[in-house]
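Residue numbers start at 1 and run along the sequence shown.
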Amino acid sequence: MMADALPKVAGKLTADAPLAPLVWFKSGGAAEWLFEPKDLADLQQFLHDLDPATPVMALGLGSNMIVRDGGVPGVVVRLGKAFAKVENLGEHTLNCGGGASGILVSSTARDAGVAGLEFLRSIPGTVGGFVRMNGGAYGGEVKDVLIDCDVVLRSGELRTLAVAELGYTYRHSELPEGAIVVAARFRGQPGEPAAIQAEMDRISASREASQPLRSKTGGSTFKNPEGHKAWELVDKAGCRGFTLGGAQVSEKHTNFLINTGDATSADIEALGDEVRRRVKAQSGVELEWEIQRVGKP
């Protein structure tokens with residue numbers, strides 16, 4: 001797609017932009033185009049004017065994602081500083097930009113004396129990503145605290161969707177294809193900042209102890225099947241530390257895959273599929289990917 005076929009933008013539009021530096025696994029190909037909108041109006045106008053046949057994908061912190069080695073066709077949209085603000089609306093409610101991190105949301109909640117959002121501290125992503133995925137950890141899920149969210153549809157139209165309209169299930173929403181979450185309202189309950197901080201510290205320590213946070217990883221690889229824990233099934237199938245190319249099943253937490261150095265995305269995805277095959281053979285359970293796999297092999 002030639003540059004002159006693309007709408008004019010106020011933000012930044014980069015051709016053939018490497019995505020590996022932007023994702024946790026540090027692997028994969030380039031985006032045909034990477035768009036970092038200046039503001040909401042810029043994003044709306046761009047999507048409105050863009051050829052409807054051009055695929056659009058949002059990218060947050062790139063934690064829960066394998067970008068395949070052939071790269072991502074069309075436009076990848078990354079929300080920057082203009083979308084990373086969090087404000088206290090009162091009534092134990094925060095208005096959060098789609099590009100704000102879980103850490104910023106939970107810290108702002110603490111300062112405002114809003115409890116119940118501590119678990120967001122441990123979701124390595126942006127508001128847009130965890131609203132789309134119904135992100136959850138340590139007993140909390142987005143659907144429990146979300147009131148509504150603002151999304152820009154593929155047509156450029158801005159729409160507010162109530163939590164009930166998102167069709168939330170475990171790590172899944174019915175958000176329309178190509179829609180980009182630009183803001184969300186979360187509601188907690190009254191709490192003491194010190195107690196909220198203590199809960200955030202507890203979650204951080206637990207995560208540090210159990211997850212390979214210092215590695216090039218993608219977060220939880222597989223969804224927990226009904227009545228099972230994914231990591232236990234992987235462990236029972238003898239896959240702890242199992243290696244394929246430059247990819248490895250974490251020794252520390254078997255539901256995490258790691259890029260040990262120079263893994264390709266093909267290595268990582270093939271390792272995940274081999275783990276799924278072994279788990280099925282060993283326990284009869286079909287593991288489902290939690291990590292998104294995007295782009296061309």
Side-chain angles (χ1 to χ4, degrees), residues 11-12 14 17-31 34-37 43 56-68 71-72 75-86 94 96-109 117-138 140-142 145-146 149-152 171-173 175 179-184 186 200 203-204 207-208 211-221 250 253 255-259 263 265 268 289-295:
K12 192 174 168 205
T14 311
L19 294 177
L22 304 182
V23 297
W24 276 39
F25 271 126
K26 301 293 177 240
S27 68
L34 178 67
F35 177 40
E36 298 167 276
L43 175 63
V56 170
M57 181 191 98
L59 174 65
L61 292 184
S63 55
N64 199 309
M65 183 175 280
I66 294 172
V67 172
R68 292 183 172 122
V72 180
V75 179
V76 173
V77 176
R78 196 160 179 250
L79 302 180
K81 284 200 173 65
F83 297 88
K85 300 180 178 69
V86 178
L94 300 181
C96 309
S101 69
I103 290 175
L104 179 62
V105 175
S106 57
S107 307
T108 308
L117 305 184
E118 296 88 349
F119 75 96
L120 295 175
R121 166 81 183 72
S122 66
I123 303 180
T126 59
V127 167
F130 50 71
V131 165
R132 173 179 292 280
M133 291 278 297
N134 187 23
Y138 298 97
E141 268 187 316
V142 164
V145 296
L146 183 72
C149 63
D150 300 333
V151 303
V152 176
R171 298 295 172 271
H172 177 78
S173 76
L175 206 61
I180 295 173
V181 178
V182 289
F186 295 116
M200 281 162 60
I203 287 172
S204 287
R207 207 168 151 246
E208 183 74 46
Q211 298 177 13
L213 300 181
R214 305 270 170 268
S215 312
K216 292 186 277 195
T217 181
S220 295
T221 307
S250 169
H253 191 316
N255 196 23
F256 283 65
L257 303 182
I258 289 171
N259 175 354
S265 290
I268 298 166
W289 284 93
E290 180 170 321
I291 288 180
Q292 285 180 286
R293 286 129 25 251
V294 301

Hey, does Q292 have a side-chain heavy atom less than 4.5 Å from the side chain of I66?
no
Residues N64, F130; criterion side chain to side chain contact (heavy atoms under 4.5 Å, CB included); working and verdict:
CA-CA 10 Å; N64 199 309; F130 50 71; over 6 Å; no
Taking the side chain as every heavy atom from C-beta outward, state whether P124 and Q211 have any pair of such atoms under 4.5 Å apart.
no
Between V182 and V151, is a side chain to side chain contact (heavy atoms under 4.5 Å, CB included) present by the stated rule, with each step listed?
CA-CA 6 Å; V182 289; V151 303; 6.0 Å; no
On a heavy-atom basis, the closest approach of I180 and A58 is CG1-CB, 4.0 Å
Once rounded to the nearest 0.5 Å, what's the spacing between atom CG of L213 and atom NE2 of H253?
10.0 Å
Between the side chains of E36 and K81, is the shortest nitrogen-to-carboxylate-oxygen separation below 4.0 Å, so that they form an ion pair?
no
Side chains of L22 and L34 in contact at under 4.5 Å (non-hydrogen atoms):
yes
Would you say the side-chain atoms of S106 pair up with the backbone N or O of L117, donor to acceptor, closer than 3.5 Å?
no
Does the side chain of S27 pick up a donor-acceptor pair with the side chain of S265 at under 3.5 Å?
yes
When rounded to the nearest 0.5 angstrom, what distance separates CE in M200 from CD1 in I103?
8.0 Å
Under 3.5 Å, side chain of K85 to main-chain N/O of G97, donor-acceptor pair present?
no
Would you call W24 and T217 a side-chain contact if the rule is heavy atoms closer than 4.5 Å?
yes
Within the distance-only criterion (no hydrogens, no angle test), does the side chain of R68 pair as donor or acceptor with the backbone N or O of G29 below 3.5 angstrom?
no
Say you draw a straight line from CZ of F186 to CG of L146; how long is it, rounded to the nearest 0.5 Å?
5.5 Å
Quick check: do V75 and M57 have side-chain heavy atoms less than 4.5 Å from each other?
no
Which pair of non-hydrogen atoms, one from Y138 and one from S122, has the smallest distance, and what is that distance?
CD1-OG, 3.4 Å
Separation between OG (S220) and CE (M133), nearest 0.5 Å, reads 9.0 Å
M65 side, atom CE; I291 side, atom CD1 - distance, nearest 0.5 Å
10.0 Å
Taking the side chain as every heavy atom from C-beta outward, state whether T14 and K12 have any pair of such atoms under 4.5 Å apart.
yes
Going through the distances and angles, do L59 and V77 end up as a side chain to side chain contact (heavy atoms under 4.5 Å, CB included)?
CA-CA 6 Å; L59 174 65; V77 176; over 6 Å; no
Rounding to 0.5 Å, atoms CD1 (I258) and NZ (K216) come to a distance of 11.0 Å
Which atom pair, heavy atoms only, marks the closest approach of A184 to V131?
CB-CG2, 4.0 Å
How far apart are the closest heavy atoms of A100 and V105, and which atoms are they?
CB-CG2, 4.4 Å
Would you please test D150 and V181 for side chain to side chain contact (heavy atoms under 4.5 Å, CB included) and show each step?
CA-CA 6 Å; D150 300 333; V181 178; over 6 Å; no
Shortest non-hydrogen contact from L94 to V86?
CD1-CG1, 4.2 Å
Where P37 and L79 come nearest, the two heavy atoms and their spacing:
CG-CD2, 4.0 Å
Are any side-chain N or O atoms of R132 and backbone N or O atoms of A179, one a donor and one an acceptor, separated by less than 3.5 Å?
yes
Expected output: side-chain S101 to main-chain L104 donor-acceptor under 3.5 Å
yes
Between T221 (side chain only) and N255 (backbone N and O only), is there a donor and an acceptor less than 3.5 Å apart?
yes
Are the side chains of R171 and E141 in contact, using a 4.5 Å heavy-atom criterion?
yes
Below 4.5 Å, heavy atoms only, C-beta onward: do V67 and F25 meet side chain to side chain?
no
Closer than 3.5 angstrom, by distance alone: can the side chain of S173 be matched with the main-chain N or O of L175 as a donor-acceptor pair?
yes
